[in-house]
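Just so it is clear, the structure is predicted and the values come from calculations on it, not from any experiment.
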Amino acid sequence: QVQLVESGGGLVQAGGSLKLSCAASGRSFISSDMAWFRQAPGKDRIFVATTRWSDGSTLYDESVKARFTISRDNAKNTVYLQMNNLKPEDTAIYYCAAGPINYYCSGYGCYRRRYDYHDWGQGTQVTVSS
């Protein structure tokens, strides 16, 4: 049974930092893209960042570029999201997601769409106060 368990969320002041972790189990994720999405109250779940299985490259949403860093430790089946200079608009539930094995896609929005990922965690709350 595949499980993704997020941790590290919490309450932080604007300008502060948090590091989220996602521990994956149930299968090997070394050949899966691993991503973070977030969902603010009343809003859709949107892409934050992903790390590709094929070459370790990363993609970010423009709103978090230069502030957030995604990384993975394949030996621990864990993916991280270091979040710096947090802003109140970063407040959301953050979800970890894993893509299918050996996945490739093409076209607009590739690797940034919810349907590029099949396994999801339950989420961890991040609240940034002003």
Side-chain angles (χ1 to χ4, degrees):
Q1 180 180 352
V2 173
Q3 268 197 317
L4 302 177
V5 180
E6 303 95 337
S7 62
L11 173 64
V12 64
Q13 286 190 328
S17 298
L18 282 174
K19 186 173 184 177
L20 306 183
S21 299
C22 171
S25 61
R27 64 172 174 89
S28 173
F29 291 84
I30 195 170
S31 296
S32 293
D33 301 328
M34 300 295 292
W36 289 94
F37 284 70
R38 66 185 180 185
Q39 187 167 15
K43 302 278 184 69
D44 289 335
R45 191 176 301 188
I46 61 172
F47 171 79
V48 175
T50 190
T51 173
R52 300 287 337 282
W53 68 269
S54 55
D55 59 4
S57 61
T58 55
L59 295 171
Y60 295 92
D61 182 75
E62 283 300 317
S63 66
V64 305
K65 219 169 184 179
R67 299 188 298 123
F68 291 10
T69 302
I70 188 171
S71 61
R72 63 193 296 167
D73 184 336
N74 288 329
K76 296 182 178 179
N77 257 3
T78 300
V79 63
Y80 305 97
L81 186 69
Q82 176 66 47
M83 306 185 294
N84 297 328
N85 190 22
L86 282 160
K87 304 175 180 181
E89 52 263 43
D90 294 318
T91 294
I93 299 174
Y94 283 70
Y95 296 90
C96 176
I101 293 174
N102 296 345
Y103 182 68
Y104 281 100
C105 65
S106 61
Y108 179 78
C110 196
Y111 305 114
R112 301 170 184 264
R113 306 167 298 204
R114 289 181 62 176
Y115 63 79
D116 289 320
Y117 303 89
H118 287 186
D119 298 307
W120 293 84
Q122 293 301 304
T124 185
Q125 177 70 48
V126 171
T127 303
V128 184
S129 63
S130 56

Gln122, CD atom: more than 12 neighbouring heavy atoms under 6.0 Å: no
Rounded distance (nearest 0.5 Å) linking atom CD of Gln13 with atom OG of Ser130: 9.0 Å
Pairwise distance OG1(Thr124) to CZ(Arg38) - rounded to 0.5 angstrom: 14.0 Å
Closest non-hydrogen atom pair between Cys96 and Val79, with its separation: SG-CG1, 3.7 Å
Where Asp116 and Cys105 come nearest, the two heavy atoms and their spacing: OD1-SG, 4.0 Å
Check: Glu89 and Val128 side chains under 4.5 Å, non-hydrogen atoms: no
Trace of the side-chain contact (heavy atoms from CB on, under 4.5 Å) decision for Tyr111 with Phe47: CA-CA 9 Å; Tyr111 305 114; Phe47 171 79; 5.8 Å; no
Salt bridge (charged side-chain N to carboxylate O under 4.0 Å, His left out) partners of residues 41-52, not counting sequence neighbours, each pair once: Asp33-Arg52
Within-4.5 Å side-chain heavy-atom neighbours: Leu20 and Glu6: no
Exercise: identify the closest heavy-atom pair between Val64 and Val48: CG2-O, 3.6 Å
Donor-acceptor contact below 3.5 Å, side chain Thr51 vs main chain Thr58: no
Face-on cation placement of Arg114 at Trp120 ring, 6.0 Å and 45° thresholds: yes
CG-CD1 distance between Leu59 and Ile70, expressed to the nearest 0.5 angstrom: 9.5 Å
Val126 vs Met83, side-chain contact (heavy atoms from CB on, under 4.5 Å): CA-CA, chis, key distance, verdict: CA-CA 10 Å; Val126 171; Met83 306 185 294; 3.9 Å; yes
Asn77 side chain vs Arg27 backbone, donor-acceptor pair below 3.5 Å: yes
Ring-ring centroid check Tyr80 Trp36, cutoff 6.0 Å: no
Main-chain N/O of Ala23 paired to Thr78 side chain as donor or acceptor, under 3.5 Å: no
Closest approach of Asn85 to Asp90 (non-hydrogen atoms, all atoms of both residues): O-OD2, 4.5 Å
Shortest non-hydrogen contact between Ser17 and Gln82, atoms and distance: CB-NE2, 4.0 Å
Distance in Å, Leu81 CG paired with Cys22 SG, rounded so as to fall on 0.5 Å steps: 10.5 Å
Side chain Arg112, main chain Tyr60, donor-acceptor under 3.5 Å: yes
Cluster check Ile93, Met34: I/L/V/M/F/W/Y, side chain < 4.5 angstrom: no
Ring geometry between Phe37 and Tyr117 (parallel below 30°, tilted from 30 to 60°, perpendicular above 60°): perpendicular
Value rounded to 0.5 Å, distance of CZ in Phe68 from CG in Leu86: 5.0 Å
Pairwise distance OG(Ser31) to CG(Asn102) - rounded to 0.5 angstrom: 5.0 Å
Heavy-atom side-chain contact between Trp53 and Phe29 under 4.5 Å: no
Heavy-atom closest contact (Ser32 atom, Gly99 atom, distance): OG-O, 2.9 Å
